[in-house]
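Before any comments, here is the structure.
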Amino acid sequence: MTREISYAEAVRECLRQQMKADDKIFMLGEDVGLYGGAFGVSVGLISEFDSERIMDTPISEQGIVGLAIGAALMGMRPVVEIMFSDFIMLPLEQIANQAAKIHYMFGGKAKVPMVIRTPGGGGIGLAAQHSQSIEGIFLGFPGLKIVLPSSAYDVKGLLASSIKDDNPVLFFEHKLLYQTKEDVPEKPYEIEIGKAHIKRQGSDISVVATSYMVQKSLKVAQKLESEGISVEVVDPRTIKPLDIDTITDSVKKTGKAVLVEEACYTGGFTCFLASEIMKHCFDWLDAPVVRVTSLDCPIPYEHNLENVVIPDEAKIEKAIRELLAKRI
Amino acid sequence: MTREISYAEAVRECLRQQMKADDKIFMLGEDVGLYGGAFGVSVGLISEFDSERIMDTPISEQGIVGLAIGAALMGMRPVVEIMFSDFIMLPLEQIANQAAKIHYMFGGKAKVPMVIRTPGGGGIGLAAQHSQSIEGIFLGFPGLKIVLPSSAYDVKGLLASSIKDDNPVLFFEHKLLYQTKEDVPEKPYEIEIGKAHIKRQGSDISVVATSYMVQKSLKVAQKLESEGISVEVVDPRTIKPLDIDTITDSVKKTGKAVLVEEACYTGGFTCFLASEIMKHCFDWLDAPVVRVTSLDCPIPYEHNLENVVIPDEAKIEKAIRELLAKRI
Amino acid sequence: MEKVSRNLLEHLLVMMLRIRQFELAVEKNFQLGHIYGTAHLAIGQEASAVGAISALKPNDLISSTHRGHGHCIAKGADLKLMMAEIFGRSTGYCKGKGGSMHIADVSAGNLGANGIVAGSAAIATGAALAAKKMGTGQIVICFEGDGAINEGIWHEAANMASIWKLPVIYLCENNQYGMGMPIKKATNLEKLSDRAKGYNIHGETIDGNDVLAVYKTVSRIAEDVRAGKGPALIECITYRIRGHSLRDAQRYRPEGEAKKWLDTYCPIERFKKYLTKSGYLKTGDIDALLSSVNKEIEEAVKFALESPFLDASRVTEDIYA
Amino acid sequence: MEKVSRNLLEHLLVMMLRIRQFELAVEKNFQLGHIYGTAHLAIGQEASAVGAISALKPNDLISSTHRGHGHCIAKGADLKLMMAEIFGRSTGYCKGKGGSMHIADVSAGNLGANGIVAGSAAIATGAALAAKKMGTGQIVICFEGDGAINEGIWHEAANMASIWKLPVIYLCENNQYGMGMPIKKATNLEKLSDRAKGYNIHGETIDGNDVLAVYKTVSRIAEDVRAGKGPALIECITYRIRGHSLRDAQRYRPEGEAKKWLDTYCPIERFKKYLTKSGYLKTGDIDALLSSVNKEIEEAVKFALESPFLDASRVTEDIYA
Ligand SMILES: Cc1ncc(C[n+]2csc(CCOP(=O)(O)OP(=O)(O)O)c2C)c(N)n1
Ligand SMILES: Cc1ncc(C[n+]2csc(CCOP(=O)(O)OP(=O)(O)O)c2C)c(N)n1
Ligand SMILES: [Mg+2]
Ligand SMILES: [Mg+2]
């Protein structure tokens, strides 16, 4: 059965179904129990499970992640929630030096199956320490997988595969996606990690976007359709491993690529992606790849300022039009 | 007067001179005093200053950086040493959420003049948790400056400017550079942050390299010269701010770019650089920019394995030859 | 400790009223849609901020938290600039770039609110280190919630403060919850000040809703801290009357608990009672003080509402010093 | 506690000899150029590893540190595989990918050495959490240096262990230095076990060079921990006889200090004296044990030397499970 449910509900449903199916799975995080998490994602789960399965922790991000690693080494499958993705800086050492590397350092003889769920992104006036898109910093740590679901359907399937994965998976949700709705099957299903998804077919230009920027890009594509501009929107869904083939196929077809992400201009995932596209599609490209990102600026508090920093539909549209207008 | 001294000595001399000139400067770090730091950089300074100026701390990286921020807010100019750059993951939150953003969040009304010195890189058999090149993770945090000196002359001048800078500066030294020697003026001098340096002029191909990879690239350039291949070697010296003009001028001249860094293939600084070069030099490029990096792999312990993961001169040479051989 | 003066008593009351009325105004203006984002109100916790900061000298320092309006006001901040910041205006302390969680006034001794729990612990300790190095005689109060003391950085900072005898007081406002987490589930301690034993520093737990007790305790301890006897940890028992933030459904809290605390332990009502009973002030005096505070708050709101937003072109200013 | 058996006494001695001789072999082979990188030797600290781990049941767990050879050996590791790892060979515990600082054998209950100070504190605590959740009855000993307890993560882990009464013992080997930092400068405590008071857990400081004392203390405490009474912190006073690593100039250490400790408090000599005095073993018995240990070590070195390096083509295996 398929119903329209929200992204937050899809996460919750996945957690419920997976935890019912496997008692090695448990949740660990700040106020994930009665409070239901800062964005209400786990509201109600505590009454279906108990405080052993849905563990409220002290405010101790390093410790929480470390505990999860230890439990994972023992064969459990912890799902950690870090309340805001900004706070994931605190347990970085445990994630990137321990969880990511244990399998390798130990010669393949131990594994760390765990998921860290955390909401990123701006747009609700929480300023510089609660609004970042930080996923890019994890790209350089082999051993980690990085997932950024952009819709309710995707989040349910990707979370299921992440929980079943035998590696540490960083699972970045987005504050502004939580209330977006989509048809989602009730039955559990999985979406393979490492497969991009063409969210919309098109032939004139390729837009590769992540997380909430997929939704914004789709709106722009829809709008441009009425003018006869055919925009293909590709969502990598997982930025590590990256399905570069699906992306380069699209770019080879259209000859033009706009990459959209919410991280700053300097240092985000699309830097790597741009460089890969140019490497693989050099002879197909009509013009350099264009990146649409946040400004190189901490996210400001005030609403208008925040909107200036974070890419909006107008900026995406402008980038597409300008690239299409380029004389080859 | 100019003498040949080592990179480590150049750092030490700079610290000594700057601390003598300004009593607001002090050092803070694990075993920076009598021990002289894990790589002997500050050996002897404790007898010229005292334990108030050269402060040995407990093993508390987050706390050390946080204390430095507080002292900087009060008008002092702390110079922190983090023993291995891998450990800088621990204070990431203080660096990237606090030090980097305070000036902005506080509306420009406070500043955080501090330097964090830390050695990165592999090559001495210390395995996955002591050998990383982690500088790239800081690119996405506006407010930080990131400096990677590649020679004794540069390190002295860049450290002086970093200490005098009113912003938090991350100063990445390299274990294998410490013993490399160069002519260095005895008198204090400064090298402007944000200016790339053409380490060697050339006309056939541009190699842009950072940190220890500059030295390796220079050796390759030297070798190829005898074959009549003219390699230009550019060292950005500071990756943030980045002197993109000097780099693109070089690439426009040669039409070919090889980027060399010690970080992993996925996610390092040269991802951004490659994407910028292709953006600015698209019409000048004969072929896509080539990146020479470490493999996407934790640094292994054993010597040969380590050498396979980290780029060596042979790999740089191969990349140059292959790019030059490309039929345009 | 000398006997407290009438002036001081009035000051304590006015400051607490300012905080209370300011927070009520923030709450109301959020409901009216004038405030974007969120804020964390200190209603019910006025005594710890006011009692502690009133025990400081003017050039002493504080660091604050996400629940920082009270500390900021008690440290003498300009209500207009605070309100303007919360309204996101260019006239605010941070030009609208920081908002409620980042109000700071470093030159006036407020090292800033902080969006990161325990994010200020080491920063405050570093300010104390600098004060000691420079011989300024300043001390620092590091405000923090009960939840903050479980963060690693707090531990690292407290240890360094202890070994170097830094002039810093960790003032832990135990308002019974860290978000929805009851303090008894987050630590296994009778008193949070027992944490002090792990660092061999002075620890003390007091009634944080008794403004005079806070004032007297902090005054006494500040003297020792200033004299170089090392840091201290003071736990102020208090209660968070409102939700965690302006957007908290409060599922975790027993019905009526907040009302009970407010009815029984409201720091302002208790202090008013004390003042009138002991004859320092009459009810009429208090009413007069309240209405003058209300006027200030009204002016602050007016100032904020009439202030312009920062021009978008200036959004990337202030990234580098 | 029951009286210790002769078997046990012999076991304690043999294990300590194994560690000592193993470490001497590592040191020698480093000097010979057979070992690349560095290692941190546990010479002089044999009693805490052996005493503590001998008090565990076979399926209990340990986590270790950068100075981890001793813990690993005491937990029953195969000396050949250990030595091969330190020599960087494909036959080693980690195929040469980990080296001295990352030897682990999770399926045999060793959660691994760690290159990060306090890097294992939370991991060990999480293993204890899992053991409790799964009802396995296992307990975990988290070995750590005196320097490690000043890291924030240690604090966070200890607090969670305390609130959830997790079956973990933090065994702090106070060898007087963290690298070159004397412990008295790194904390302001009489006894490091005083840190326990900050979490309301059991803390105890013992002579860590008395293997029987360690064994008995850990046995007693392990019983409580296993029974669900919550975690404990045991400080074992010991001394690091060698430099911090194989490359330490030891500028910070008073001349003769190490020799004095070795002459006076060597855990092996003390235990030998006890065994011979009390008639459990004769000098000849001990010599026989030593030479059999020496043979094992020689075989381990031979195995390591003769083992191949991993083929370079396999360097990127084992990144993902
Ligand atoms: C490092 C970090 N973790 C989590 C949060 C989310 N958060 C904000 S306030 C808060 C509760 C803080 O509790 P406490 O320290 O008791 O302060 P109170 O809100 O009660 O004043 C939490 C969990 C945060 N801001 N920073
Ligand atoms: C987070 C971190 N900081 C610093 C280091 C460098 N380092 C390695 S061992 C060591 C000293 C550790 O002291 P202690 O915990 O007492 O252990 P010991 O070496 O005495 O056995 C230091 C500073 C590290 N490995 N990790
Ligand atoms: Mg609280
Ligand atoms: Mg030690």
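What you see below is based on every heavy atom in this structure, not just the backbone, and it leaves out hydrogens, waters and symmetry mates. Proteins come first, then strands; the chains are lettered A, B, ... in the order of their sequence lines, and each starts at number 1.
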> With B/N304, which residues qualify under side-chain hydrogen bond (donor to acceptor under 3.5 Å, both in side chains), at least two apart?
Replying inline: B/E302

> In terms of heavy-atom pairs under 4.5 Å, which option from B/A127, B/S60, B/P298 contacts chain D the most?
Replying inline: B/S60

> Is it the side chain or the backbone of B/H303 that comes within 4.5 Å of chain D heavy atoms, both, or neither?
Replying inline: both

>> Closer than 3.5 angstrom, by distance alone: can the side chain of D/R242 be matched with the main-chain N or O of D/L41 as a donor-acceptor pair?
In response: no

>> For B/K318, I'd like to know if atom NZ has over 12 heavy atoms of other residues, nucleotides or ligands within 6.0 Å.
In response: no

>> What's the separation between atom CD1 in D/I234 and atom SG in D/C142, rounded to the nearest 0.5 Å?
In response: 12.0 Å

>> Set out, in order, the CA-CA distance, both residues' side-chain angles and the distance that settles ring-ring contact (aromatic ring centres under 6.0 Å, His included) for D/H102 and B/Y301, then state yes or no.
In response: CA-CA 9 Å; D/H102 305 295; B/Y301 164 64; 8.6 Å; no

>> Would you say D/E144 and D/Y170 are linked by a side-chain donor-acceptor pair, where the criterion is simply a distance under 3.5 Å?
In response: no

> Hey, is the main chain of B/Y265 close enough, under 3.5 Å, to the side chain of B/R291 for a donor-acceptor pair?
Replying inline: yes

>> Heavy atom to heavy atom, less than 4.5 Å: which residues from residues 311-319 of chain D reach chain B?
In response: D/D311, D/A312, D/V315, D/T316, D/I319

>> Does any backbone or side-chain atom of B/L295 lie under 4.5 Å from a heavy atom of chain D? Answer side chain, backbone, both or neither.
In response: side chain

> Is it the side chain or the backbone of B/D86 that comes within 4.5 Å of chain D heavy atoms, both, or neither?
Replying inline: neither

> Is there a donor-acceptor contact under 3.5 Å from the side chain of B/E306 to the main chain of B/G123?
Replying inline: yes

> Measuring heavy-atom distances to chain D, does B/E61 have an atom under 4.5 Å in its side chain, in its backbone, in both, or in neither?
Replying inline: both

>> I need the B/K216 NZ to B/L176 CG distance, nearest 0.5 Å.
In response: 7.5 Å

>> Report, in residue-number order, which members of residues 23-34 of chain D are under 4.5 Å from chain B by heavy-atom distance.
In response: none

> Is a side-chain N or O of D/R247 found less than 3.5 angstrom from the main chain of D/G37, in a donor-acceptor match?
Replying inline: yes

>> What part of B/D56 gets within 4.5 angstrom of chain D, counting heavy atoms only: side chain, backbone, both, or neither?
In response: both

> Do D/T125 side-chain atoms and D/A161 backbone N/O form a donor-acceptor pair below 3.5 Å?
Replying inline: no

> Given D/C72, which of D/I103, D/L79, D/D105 fulfils the side chain to side chain contact (heavy atoms under 4.5 Å, CB included) condition?
Replying inline: D/I103

> Would you call B/E81 and B/R117 a salt bridge, taking side-chain N to carboxylate O under 4.0 Å as the test?
Replying inline: yes

>> For chain B, which candidate among D/Q250, D/E85, D/R253, D/M179 shows the most heavy-atom pairs at distances under 4.5 Å?
In response: D/M179

>> Less than 4.5 Å to any heavy atom of chain B: does that hold for the side chain of D/Y36, its backbone, both, or neither?
In response: both

> Which answer fits B/M83, side chain, backbone, both or neither, if we ask what part of it has an atom under 4.5 Å from a heavy atom of chain D?
Replying inline: side chain

>> I'd like to know which of D/V117, D/I116, D/T38 tops the heavy-atom pair count under 4.5 Å against chain B.
In response: D/I116

> Given a strict heavy-atom distance threshold of 4.5 Å, which part of D/M101 is in contact with chain B: side chain, backbone, both, or neither?
Replying inline: side chain

>> So, using side-chain hydrogen bond (donor to acceptor under 3.5 Å, both in side chains) as the criterion, who are the partners of D/T205 when residues are at least two apart?
In response: D/S193, D/E235

> Of all of B/E30, B/Q62, B/H130, which one pairs up most often with chain D through heavy atoms under 4.5 Å apart?
Replying inline: B/H130

>> Looking at D/R67 and D/H244, would you say the former's side chain and the latter's main chain have a donor-acceptor pair under 3.5 Å?
In response: yes

